[in-house]
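Sequence positions, counted from 1, serve as the residue numbers for this chain. Treat the numbers as computed from the prediction; the structure is a model and nothing was measured. As the structure lists them, so they are numbered: ligands from 1, and atoms in each ligand from 1.
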Amino acid sequence: MSRSAHPAGPRHADVLPEGHYTAPADDLNALDPKVWAHTVGRDADGVVTVGGIAVTQLAEEYGTPAYILDEADFRDRARAWRTAFGTDADVFYAGKAFLSRAVVRWLDEEGLNLDVCSGGELATALSAGMPAERIAFHGNNKSPEEIERAVRAGVGRIVLDSFQEIVRVAHAAESLGKRQRVQIRVTVGVEAHTHEFIATAHEDQKFGIPLADGQAAEAVRRALQLDGLDVIGIHSHIGSQIFDMSGFEVAAHRVVGLLKDVRDEHGVELAEIDLGGGLGIAYTSDDDPREPHEIAKALSEIVTRECEGARLRTPRISVEPGRAIVGPTAFTLYEVGTVKPLEGLRTYVSVDGGMSDNIRTALYDAEYSVALASRTSDAEPMLVRVVGKHCESGDIVVKDAFLPGDLAPGDLIAVPATGAYCRSMASNYNHATRPPVVAVRDGAARVIVRRETEEDLLRLDVG
Ligand code: LLP
């Protein structure tokens, strides 16, 4: 994404260094609803509030850093996806984005299904009472033990990712006297990320069975012959943080092409197609994600058109949004520890977390925004880099952003849109203890994942 440098008066730098930043907002105290959870605002004292609770109170009660999750917003977004896709389609929330037992209950109550991709996620889902038939089990190397657990539990579908797995799942099902519903995950030769869309050699990856060289057709051929398997459809997932629907268009075209080949060869019309997740969210004000109803309309039109062209019955569609549901619902609350101006460069703001609670900036060069949360300020904007407390110079949370020039140790700052792939990818680097997830709703806060303690760390270290 190309960004323009901003010429207007940040402290500590007459000429701004190279970087990817937009001009500071006219009002640094404003909270762009695009990147903040629905109930976020400021109270009369200028303190950021969520679900009616001030972040100063949350910090006092639960400490920092902490992920603060707006439960009402989560439910709203889950419901919006559910409603947009209606009763002729299924929405599977991708648990890898963030999963906890509370989240599973919310999903269950809001009528969503759940995609899990490991024994741990499956255990969480089942222990919170998600009906097994509403669970899809993913993964490119599920262990025999995970497969057996999933089949035994009666998951609604296992997404097969290799020829070995076709045999393993069939075998597990037959030994348990069951017939397992499965989809076959194919790679359609499309990979889409953020603003790019490339349709070349993207079969070069570990997921799925390639379509182009006939392997996917062979996988269907083999799976259809096995008594333990009920082949319900084809699965495709093309990437992450996608705004452009054209990648889905190409994917649907190719998947429908396979459905047609299967019909012609076997006389079987597979009943379902899953188009995966990957729908983008706004991390900064520059991002413009689509609404669920626009996405639902676009996908259903694409699939219907393709099927009409191939004279196929339109299959039931399913999707697997993770980030688009949970991403915008949470922010990370940090306390500022040090403020270090570097003349002619930028000001380094160190917070009490870092790459252990948000690895995305270091790993993907991800962009985030940030706001002063414990008060407002009319000070001139200064260009900052928000960094963590880890022993690594790449320990960056927000690469380039503007905060008020009077920022000081003890201030609370909040980084929005950290609901997805932050807690779920958190680590104990430098023996950091992973932050809690605090859910806020209607003036009440509760911990849904507690803060790790040093005792927790020591408990694993058996000497
Ligand atoms: N379905 C499948 C088969 C997937 O592999 C994924 C994500 C999803 C659904 C959900 O995608 P979402 O709607 O959340 O974008 N750690 C990376 C993202 C990796 C996504 C892996 N698969 C990140 O932080 O951006």
Decide whether an N or O pair under 3.5 Å exists between Q241 and ligand 1. no
H235 vs H138 aromatic rings, parallel, tilted or perpendicular, using cut-offs 30° and 60°? perpendicular
Can we say D108 and R134 salt-bridge, meaning some charged N sits less than 4.0 Å from an Asp/Glu carboxylate O? yes
A94 neighbourhood, listing ligand 1 atoms whose heavy-atom distance to it stays under 4.0 Å: 8 (C), 9 (C), 10 (C)
Between the candidates H138, R360, K96, R185, which shows the shortest non-hydrogen contact distance to atom 4 (C) of ligand 1? K96
Side chain N430, main chain A432, donor-acceptor under 3.5 Å: no
Should R105 and E109 count as an ion pair when the cut-off is N to O under 4.0 Å? no
In terms of atom number and element, which parts of ligand 1 are under 4.0 angstrom from non-hydrogen atoms of E320? 1 (N), 2 (C), 3 (C), 8 (C), 9 (C), 10 (C), 13 (O)
Counting from 1, what ligand 1 atoms have a heavy atom of G322 closer than 4.0 Å? 12 (P), 13 (O), 14 (O)
Could you check atom 18 (C) of ligand 1 against the protein and tell me its nearest heavy-atom contact, residue, atom and distance included? R323 NH2, 3.6 Å
Using a strict 4.0 Å threshold on nitrogen-to-oxygen distance, state whether D274 and R185 make a salt bridge. no
Atom 8 (C) of ligand 1 [closest protein heavy-atom partner, distance rounded to 0.1 Å]: H237 CE1, 3.5 Å
Does S240 have a non-hydrogen atom less than 4.0 Å from ligand 1? yes
Which ligand 1 atoms are under 4.0 Å away from a heavy-atom of D115? 1 (N), 9 (C)
For atom 17 (C) of ligand 1, the closest protein heavy atom turns out to be Y364 OH, 3.0 Å
Specify the protein heavy atom at minimum distance from atom 14 (O) of ligand 1: its residue, its atom name, and the distance to 0.1 Å. Y421 OH, 2.6 Å
Using a 3.5 Å cut-off on N or O atoms only, is G278 in polar contact with ligand 1? yes
Please confirm whether M425 comes within less than 3.5 Å of ligand 1 when only nitrogen or oxygen atoms on both sides are compared. no
Test: R316 and E272 ion pair at under 4.0 Å: no
Between the side chains of D90 and S318, does any donor sit under 3.5 Å from an acceptor? no
Could you tell me whether R168 and E146 make a salt bridge, using a distance below 4.0 angstrom between a side-chain N and a carboxylate O? no
Near G277, which atoms of ligand 1 are under 4.0 Å from a heavy atom of that residue? 1 (N), 9 (C), 13 (O)
Distance filter under 4.0 Å to P321 heavy atoms, resulting ligand 1 atoms: 13 (O)
Indicate whether the side chain of T329 and that of D70 have a donor and an acceptor atom separated by less than 3.5 Å. no
Ion pair check, R385 and D400, cut-off under 4.0 Å: yes
